[in-house]
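Read through the structure below, which is laid out as structure tokens, and then see the notes.
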Number of protein chains: 2
Amino acid sequence: MTYGNALRCLSDPTRRQVFERLRHGPLPVGAIAAGLPVSRPAVSQHLKSLKDAGLVTDRAEGTRRVYAIDPNGIGELRRWLDQFWDEALESFSREVRRTSPHRSRP
Amino acid sequence: MTYGNALRCLSDPTRRQVFERLRHGPLPVGAIAAGLPVSRPAVSQHLKSLKDAGLVTDRAEGTRRVYAIDPNGIGELRRWLDQFWDEALESFSREVRRTSPHRSRP
DNA sequence: ACTTACCGTAAGCCATGACTTACGGAAACG
DNA sequence: CGTTTCCGTAAGTCATGGCTTACGGTAAGT
């Protein structure tokens, strides 16, 4: 249930902002924190959470630490959501069939 | 940004349990609360949040209130995630190309 | 009409977690 | 080596929100 961690991470607006800044490519912590309404240590803490959830990866590059999006996290989240999506649609159509019975040819 | 509400809803484990109980079809509140480790009013509050996020719908059926999954909520969430998924994959492959340069034909 | 079943809302309690400031450590640069 | 830059961690504060109990309201049954 690692998708639970992913959901918990992405539920926080600030953490989503951190995450979305990596969409167009990897970035060091300072560049991520710049412009955000929170301090840099806060961003570091968010990045730790995102990393634990499998949503980002980090690599050392000199004195800076470059973060990038990890496809594994969103992949797992996507699979969980898709499985859900299918069953929900089926249940929904079943419900429609039940509510408005045999409107087969007006 | 109604997907933000959806994410916030699904981030809570109990609320996910409530939500997942509706996967196989609509259920009244009592049936949902039965077996859950929280009280029935708590389930009602969770259902209110899920409804506000567009994740469930409710209809009155006599004295009971039947809840069902609303495809709109997960749909929006899925679209947001997919858009994200595409850009992330592209950025990822771009990164792989950059890190391990022209391994074209071993 | 009285009772029972089923549910939503209000008020209050309490843990979780998001943020801050302060500190320490590792790599580049002179 | 000292300094500067860039970053992670620790400790502490404070708001958010999830849960409970108590209450009120509507619909069905007798």
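Note that these values count all heavy atoms, side chains included, but never hydrogens, waters or copies made by symmetry. Order of the sequence lines sets the chain letters (A, B, ...), proteins ahead of strands, with each chain counted from 1.
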Report all interatomic pairs (protein N or O, nucleotide N or O of nucleotides 11-18 of chain C) with separations under 3.5 Å.
unit_1  : atom_1 : unit_2   : atom_2 : d
dA18(C) : OP2    : Arg15(A) : NH1    : 3.0
dA18(C) : OP2    : Arg15(A) : NH2    : 3.3

Contact check, side chains of Thr2(B) and Asn72(B), non-hydrogen atoms, under 4.5 Å = no
Give every residue pair that meets the ring-ring contact (aromatic ring centres under 6.0 Å, His included) criterion with at least one member in residues 55-82 of chain A, sequence neighbours excluded.
-> Tyr3(A)-Trp80(A), Trp80(A)-Phe84(A)
In chain order, what residues pass the salt bridge (Lys or Arg N to Asp or Glu O under 4.0 Å) check against Arg78(B), with sequence neighbours excluded?
->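 Partners of Arg78(B) under the salt bridge (Lys or Arg N to Asp or Glu O under 4.0 Å) test: Asp82(A).
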Any donor and acceptor pair, going by atom type alone, linking the side chain of Arg15(B) with main-chain N or O of Cys9(B) inside 3.5 Å?
->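 Yes; judged by distance alone, with no hydrogens or angles, the pair exists.
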Is it true that a side-chain atom of Arg8(B) and a backbone atom of Ser11(A) form a donor plus acceptor pair closer than 3.5 Å?
->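 Between the backbone of Ser11(A) and the side chain of Arg8(B) there is no qualifying donor-acceptor contact (under 3.5 Å).
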For residues Ala31(B) and Arg21(B), report the shortest heavy-atom separation together with the two atoms involved.
-> O-NH1, 3.7 Å
For residues 45-56 of chain A, tabulate all N or O donor-acceptor pairs below 3.5 Å that involve a side-chain atom, not counting sequence neighbours.
unit_1   : atom_1 : unit_2   : atom_2 : d
Ser49(A) : OG     : Gln45(A) : O      : 3.3
Lys51(A) : NZ     : Asp58(A) : OD1    : 3.2
Lys51(A) : NZ     : Asp58(A) : OD2    : 3.2

Could you state the atom-to-atom distance from CG of Leu27(B) to P of dC6(C) in whole Å?
->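 Interatomic distance, CG of Leu27(B) to P of dC6(C): 14 Å.
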Here the distance between atom C1' of dA26(C) and atom CZ of Arg59(A), to the nearest Å, is 18 Å
Report the residues that fulfil side chain to side chain donor-acceptor pair (under 3.5 Å) with Arg64(B), sequence neighbours left out, ordered by chain and then residue number.
->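 Expected list: none.
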What is the per-nucleotide protein-contact pattern of nucleotides 2-8 of chain D, from the 5' end, where B denotes a base atom under 4.0 Å from a protein heavy atom, S denotes such proximity for sugar-phosphate atoms only, and - denotes neither?
-> ---BBBB
